[in-house]
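Values reported hereafter were calculated over all heavy atoms of this structure, with side chains retained and with hydrogens, waters and symmetry mates removed.
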Amino acid sequence: MTDTEVRTVTVEREIPHSAQKIWRALTTQHLIEEWLMKNDFGLDLGHRFQLSGDWGHVDCEILDVDPGRSLSYTWNHAHDDPAYRLQSTVTFTLEPKLAGTLLRMEQTGFRPDQKQAFGGAKGGWKIHLENLEKVVATLG
């Protein structure tokens with residue numbers, strides 16, 4: 001790995017629900033808050049929003065929307081320590097399967113010196129997607 005090479009966290013989860021229900025949970029403010037963070041999300045291309053937690057916030061901007069199939073936005077975290085300063089992109093893709101939907105999340109943009117942030121994202125996204133599945137299970 002070179003000093004300029006970026007790393008990507010990829011988490012896949014097969015969810016026994018329709019892509020339509022998962023899309024709702026990925027794109028509805030109050031549902032995003034249930035599985036991820038407080039937010040002022042909007043689905044329009046170029047919409048800027050924040051995801052906020054007790055530790056601070058990330059600045060985001062919608063980059064690409066293919067309704068029911070994929071969603072991509074920036075995930076930028078300002079920090080004094082370069083090891084935690086992150087400029088990345090998160091992409092969700094939904095692929096219908098016989099027993100539900102394959103959800104794939106990719107977060108790309110981790111520099112080699114961001115080992116702790118990279119590790120935190122790997123573990124964090126697994127938990128977030130477990131929570132997403134629980135939220136989807138409650139949708140009618």
Which atom names give the shortest non-hydrogen contact between Pro82 and Gln114, and what distance separates them?
O-NE2, 3.4 Å
Solution key, residues 132-140 side-chain donor-acceptor pairs under 3.5 Å, sequence neighbours excluded:
unit_1, atom_1, unit_2, atom_2, d
Glu133, OE1, Arg13, NE, 2.6
Glu133, OE1, Arg13, NH2, 3.0
Thr138, OG1, Val135, O, 2.6

For Ser88 and Gln107, which I'm curious about, is there any donor-acceptor pair between the side chains at under 3.5 Å?
yes
Contact between Met105 and Val90 at the side-chain level, heavy atoms closer than 4.5 Å - yes or no?
yes
Pairs flagged by side-chain hydrogen bond (donor to acceptor under 3.5 Å, both in side chains) wherever residues 64-75 is involved - sequence neighbours left out:
Ser72-Thr91
Show the numbers, then the answer: is there a side chain to side chain donor-acceptor pair (under 3.5 Å) between Asn39 and Gln29?
CA-CA 6 Å; Asn39 65 90; Gln29 275 187 20; 4.7 Å; no
Determine, using the 4.5 Å side-chain heavy-atom cutoff (strictly less than), whether Ile15 and Leu102 are members of one ILVMFWY cluster.
no
Nearest heavy-atom neighbours spanning Gln50 and Asp40
N-OD1, 2.7 Å
Please say whether the positively charged group of Arg7, taken as NZ for Lys or CZ for Arg, lies over the ring of Phe118, i.e. under 6.0 angstrom from the six-membered ring centre and within 45 degrees of the axis.
yes
Side-chain donor/acceptor of Arg111 to backbone N/O of Leu86, under 3.5 Å
no
N-O pairing of Glu33 and Lys38 below 4.0 Å:
no
Check whether any side-chain heavy atom of Ile62 lies under 4.5 Å from a side-chain heavy atom of Asp44, and answer yes or no.
no
Between His79 and Trp55, is the gap from one ring center to the other below 6.0 Å?
no
ring-ring contact (aromatic ring centres under 6.0 Å, His included) pairs, two or more places apart, involving residues 6-41
Phe41-Phe49
List in chain and number order the residues that pass side-chain hydrogen bond (donor to acceptor under 3.5 Å, both in side chains) with Gln20, two or more places apart in sequence or in another chain; answer none if no residue qualifies.
none
Do Leu43 and Leu45 sit in one hydrophobic cluster, given that two such residues count as connected whenever their side-chain heavy atoms are within less than 4.5 Å of each other, even indirectly?
yes
Using the side-chain contact (heavy atoms from CB on, under 4.5 Å) rule, take Leu26 and Leu31 through it: C-alpha gap first, then chi angles, then the decisive distance, then the call.
CA-CA 7 Å; Leu26 289 173; Leu31 296 176; over 6 Å; no
Could you tell me whether a side-chain N or O of Thr101 sits under 3.5 Å from a main-chain N or O of Ala19, the two making a donor and an acceptor?
yes
Answer yes or no: are there more than 12 heavy-atom neighbours, outside Arg48 itself, under 6.0 Å from its atom CZ?
no
Please name all residues satisfying ring-ring contact (aromatic ring centres under 6.0 Å, His included) with His57, sequence neighbours left out, ordered by chain then number.
none
Would Thr8 and Phe110 satisfy side-chain contact (heavy atoms from CB on, under 4.5 Å), going step by step from the backbone distance to the final call?
CA-CA 7 Å; Thr8 300; Phe110 295 94; over 6 Å; no
Do Asn76 and Val58 come within less than 4.5 Å of each other through their side chains, counting heavy atoms only?
no
Once rounded to the nearest 0.5 Å, what's the spacing between atom CD of Glu106 and atom OG1 of Thr10?
4.0 Å
Name each donor-acceptor pair under 3.5 Å that joins a side chain in residues 92-100 to protein atoms two or more places apart or in another chain, with its distance.
unit_1, atom_1, unit_2, atom_2, d
Glu95, OE2, Lys97, NZ, 3.0

